[in-house]
Amino acid sequence: MARRKKIYEGKAKTLYEGPEPGTIVQYFKDDATAFNAEKHDVIEGKGVLNNILSEFFMLGLAQIGVPTHFLKRLNMREQLVRSCEIIPLEVIVRNYAAGSISKRLGIDEGTQLPRPVVEYCYKDDALGDPLVTEEHIAAFGWASQQDMDDILSLALRVNDFLSGVFLAVGIRLVDFKIEIGRIYEGDFQRLVIADEISPDSCRLWDIKTGQKLDKDVFRRDLGSLTDAYSEVARRLGVMPNNPPAPGKPTLVN
Ligand code: UDP
């Protein structure tokens, strides 16, 4: 059996060379890290849930015309994606104050923001992903002005889509992080949503109870992370091997 070529090993995913040029296999690990990897644990089943949830969101985005790197899910832990050049920014969209913005600006967690607020952090673990302004992004050439216009519009479309999907299942999308990839096609380049969209990179609160259903459960030791992510998957109807409710017919496709 031939060994696959590993391209990159991150904190939550490993990337392998894909079967065709321009493709990559994303393997979702069970590892959870927080506080710049100071806290680390292996949480059984997390990778499977994030693989399936990310597929669900990426397919939904494609359906409303938001381009993504996603091609297809290969198995429980892997998905095939288009290879792209990752713009070195974490694009954060916030609807309610939580986490770093609450600390930085002294806004109580849970306060609704007057409008969605988009922030950019420079992707550099050694520096702790510092917040940067568009001035830094332009001056250091991380993205052009046209890229920034496109990134803002993509981020707000993803926010509208995800907010609606979660609202429909009783979950408040407090904030999330996305990464953007550049794909070159001849003389042109296109920006796409890359990496993953999962409860690892969102803050999700139950609308009625305020219960946290995201990685803060791990960061703040609030209980079982697998239970929280399973609840999100169950509500969205994508729970792997969903046991059928007793007495109910099961759709087979
Ligand atoms: N986030 C992420 N990866 C990071 C930093 C943040 O996915 O490296 C997500 C985080 O889960 C939250 C949002 O981005 O949904 C905003 O995070 P924040 O800036 O509040 O940082 P935190 O409090 O998580 O350190």
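Order of appearance sets the numbers: ligands from 1, and atoms from 1 within every ligand.
For the residue pair D147 and Q189, a side-chain donor N or O sits within less than 3.5 Å of a side-chain acceptor on the partner. One side chain, R94 or S100, offers a donor N or O that lies under 3.5 Å from an acceptor on the other.
At a heavy-atom distance under 4.0 Å, no atom of K215 approaches ligand 1. Contacts between C121 and ligand 1 below 4.0 angstrom, taking non-hydrogen atoms only, are absent altogether. Contacts between D129 and ligand 1 below 4.0 angstrom, taking non-hydrogen atoms only, involve the side chain exclusively.
Of all the atoms in ligand 1, the ones that sit under 4.0 Å from a non-hydrogen atom of C202 are 15 (O). Atoms of ligand 1 found under 4.0 Å from any heavy atom of G99, numbered from 1 in the order shown, are 20 (O), 23 (O). The ligand atoms of ligand 1 that sit less than 4.0 angstrom from a heavy atom of R203 are 12 (C), 15 (O), 16 (C), 17 (O), 18 (P), 20 (O), 22 (P), 23 (O), 24 (O).
The closest non-hydrogen atom to atom 6 (C) of ligand 1, taken over E90, E119, E196, comes from E90.
At least one heavy atom of R94 sits less than 4.0 Å from an atom of ligand 1.
Note that K46 lies outside the cation-pi zone of Y229, set by a 6.0 Å cut-off to the ring centre and a 45° limit from the axis.
A salt bridge is absent between K103 and E109: the closest approach of a Lys/Arg side-chain nitrogen to an acidic carboxylate oxygen does not fall below 4.0 angstrom.
Considering every non-hydrogen atom in both I183 and S83, the closest pair reads CG1-O, 4.1 Å.
Without hydrogens or angle criteria, S153 side chain to D149 main chain gives no donor-acceptor distance under 3.5 Å.
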